[in-house]
Amino acid sequence: MTDTVVVPPDVLTAVRTKHRALWAAGNYPVLAAEVIPALGPVLVEAAGVRPGDHVLDVAAGSGNAAIPAALAGAHVIASDLTPELFDAGRAAAAASGAELTWAEADAHALPFDDAAFDRVLSCVGVMFAPFHRTAAAELLRVTRPGGTIGLIAWTPSGFIGQMFAAMKPYAPAPPPGAEPPVLWGDEAHVRALLGDGVTDVHAEVRTLPVARFSSGTEFRDFFKAVYGPTIAVYRNVADDAERTAALDQALLDLAARFQDADGAMGWDYLLLMATRA
């Protein structure tokens, strides 16, 4: 099993406060519903969620994976550090006829018993817990032996990974000991995190077609308005017009690299399944 890194309580408290505010900013449920809705069903299908399964969705946001898992007949807990996202999730669940439980929880310290779940999922969620080994140890702890851990994470070289690279020069400094989110999109990194706590690891890079944005400007302005990490970066340079303009241009240049003539893009992600040893 991966070794747990003991993060000082004061550091974890500061990170929780900062990250809750970050993801509560903007309107992440709109992005989840309008740009990446296909990812949740992909993860649920790949994980083989069945009726009666006990499923935990870690860093569930507004339920991109949790709701499809509930519709598949599983008993689902959607957990997230940011309960401000749950109202949109509850509304989406009600509209689709899904029944599930919503729970405030930090991926670094999940408030659930050992081996409590048949399938533990995270759809571009746990990747944003900055202390990777601590979060990975929690995924392992709450999954029963023989159960499934299923993850989707943006790859470093794909569009979102490159967006974070473009924003990095303008971003506030990460907390000490933090690792970049997109490392969860690197198969070797995730295999090392899970270590001998899992067997039968299957991983592949897939591409999500994204046709939501007709231009680079539309993409940039959408992310500036709804996506917490982008909002935080812009706030960090808000008092510097030159750096703000440079960040604007960096995101336009990124979109130009990935968009075709009609504005369509492909966003690469790692889909990884593993069996709890």
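Of all the heavy atoms in Pro68 and Gly63, the pair that sits closest is CD-O, 3.7 Å. The minimum heavy-atom distance between Ala105 and Phe112, with the atom names listed, is CB-CE1, 4.4 Å. Across Pro37 and Val35, no two heavy atoms sit closer than the pair CD-C, 3.2 Å. Considering every non-hydrogen atom in both Ala93 and Leu100, the closest pair reads CB-CD2, 3.7 Å. Minimum heavy-atom separation, Cys123 to Gly40: SG-N, 4.0 Å. Pairing each heavy atom of His19 with each of Phe128, the nearest pair is CE1-O, 3.3 Å.
At least one side-chain heavy atom of Trp23 sits under 4.5 Å from a side-chain heavy atom of Pro229. Using a 4.5 Å cut-off on side-chain heavy atoms (C-beta onward), Val126 and Glu138 make no contact. Within the 4.5 Å cutoff, the side chain of Leu121 has heavy atoms near those of the Val49 side chain. Using a 4.5 Å cut-off on side-chain heavy atoms (C-beta onward), Leu56 and Val142 make contact. At least one side-chain heavy atom of Met163 sits under 4.5 Å from a side-chain heavy atom of Tyr227. Residues Arg257 and Gln162 form a side-chain contact, since some pair of their non-hydrogen atoms from C-beta on lies under 4.5 Å apart. Counting heavy atoms from C-beta on, the side chains of His108 and Pro130 come closer than 4.5 Å. Side-chain contact between Thr244 and Tyr170 is absent, with no heavy atoms from C-beta onward closer than 4.5 Å.
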Show me the donor-acceptor pairs, under 3.5 Å and distance only, between side chains in residues 77-86 and residues at least two apart or in other chains.
residue	atom	partner	partner atom	Å
Ser79	OG	Asp57	O	3.0
Asp80	OD1	Thr82	N	2.8
Asp80	OD2	Ala60	N	3.2
Asp80	OD2	Gly61	N	2.7
Glu84	OE1	Arg20	NE	3.2
Glu84	OE2	Arg20	NE	3.0
Glu84	OE2	Arg20	NH2	3.1

Side-chain polar contacts of residues 148-155 - donor-acceptor pairs under 3.5 angstrom, sequence neighbours left out - could you list them?
residue	atom	partner	partner atom	Å
Thr148	OG1	Arg119	NH1	3.0
Thr155	OG1	Gly158	N	3.0

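Tyr234 and Leu252 are members of different hydrophobic clusters when ILVMFWY side chains are connected at heavy-atom separations under 4.5 Å. A single hydrophobic cluster is not seen to contain both Val233 and Ile231; linkage of ILVMFWY side chains at heavy-atom distances under 4.5 Å, directly or through other members, places them apart. Hydrophobic clustering places Leu254 together with Val237 (ILVMFWY residues linked when any side-chain heavy atoms are closer than 4.5 Å, directly or through intermediates). Under the 4.5 Å side-chain heavy-atom criterion for ILVMFWY residues, a single connected hydrophobic cluster contains both Val30 and Ile67. With hydrophobic clusters built from ILVMFWY side chains whose heavy atoms lie under 4.5 angstrom apart, Met265 shares a cluster with Val205.
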Which is it for Arg133 and Leu193 under the side-chain contact (heavy atoms from CB on, under 4.5 Å) test, yes or no, and what are the steps along the way?
CA-CA 6 Å; Arg133 280 190 283 175; Leu193 288 177; 3.6 Å; yes
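In Asp239, the CG atom is not crowded: 12 or fewer heavy atoms of neighbouring residues, nucleotides or ligands sit closer than 6.0 Å. Residue Gln249 qualifies as enclosed at atom CD: its count of foreign heavy atoms under 6.0 Å is above 12. Counting heavy-atom neighbours within 6.0 Å of Lys18 NZ, excluding the residue itself, gives a total above 12. A 6.0 Å sphere centred on CD of Glu34 holds more than 12 heavy atoms belonging to other residues, nucleotides or ligands.
Classification of the Trp184-His132 ring pair by plane angle, with boundaries at 30° and 60°, yields tilted.
The side-chain contact (heavy atoms from CB on, under 4.5 Å) test with Tyr269 is passed by exactly one of Val42, Ile160, Leu43: Val42. Put simply, the residue from Trp267, Phe223, Phe164 that forms a ring-ring contact (aromatic ring centres under 6.0 Å, His included) with Phe159 is Trp267.
Taken to the nearest 0.5 Å, the OG1 atom of Thr134 stands 11.0 Å off from the CG atom of Leu139. Separation of atoms CD (Glu204) and CG (Leu272) is listed at 10.0 Å; rounding is to 0.5 Å. Interatomic distance, Asp221 CG to Leu251 CG, rounded to the nearest 0.5 Å: 10.0 Å. Taking CD1 of Ile36 as the reference point, atom CG of Leu208 lies at 7.5 Å (rounded to 0.5 Å). To the nearest 0.5 Å, atoms OG (Ser214) and CD (Gln259) are separated by 8.0 Å. Expressed to the nearest 0.5 Å, how far CZ of Arg16 lies from OG1 of Thr13 amounts to 5.5 Å.
Without hydrogens or angle criteria, Arg243 side chain to Pro169 main chain gives a donor-acceptor distance under 3.5 Å.
The stretch residues 173-190 participates, sequence neighbours left out, in these salt bridge (charged side-chain N to carboxylate O under 4.0 Å, His left out) pairs: Glu187-Arg191.
Between Phe213 and Phe258, the distance separating the two ring centers is not shorter than 6.0 angstrom.
Salt bridge status for Arg50 with Asp118: absent, with no side-chain N to carboxylate O gap under 4.0 Å.
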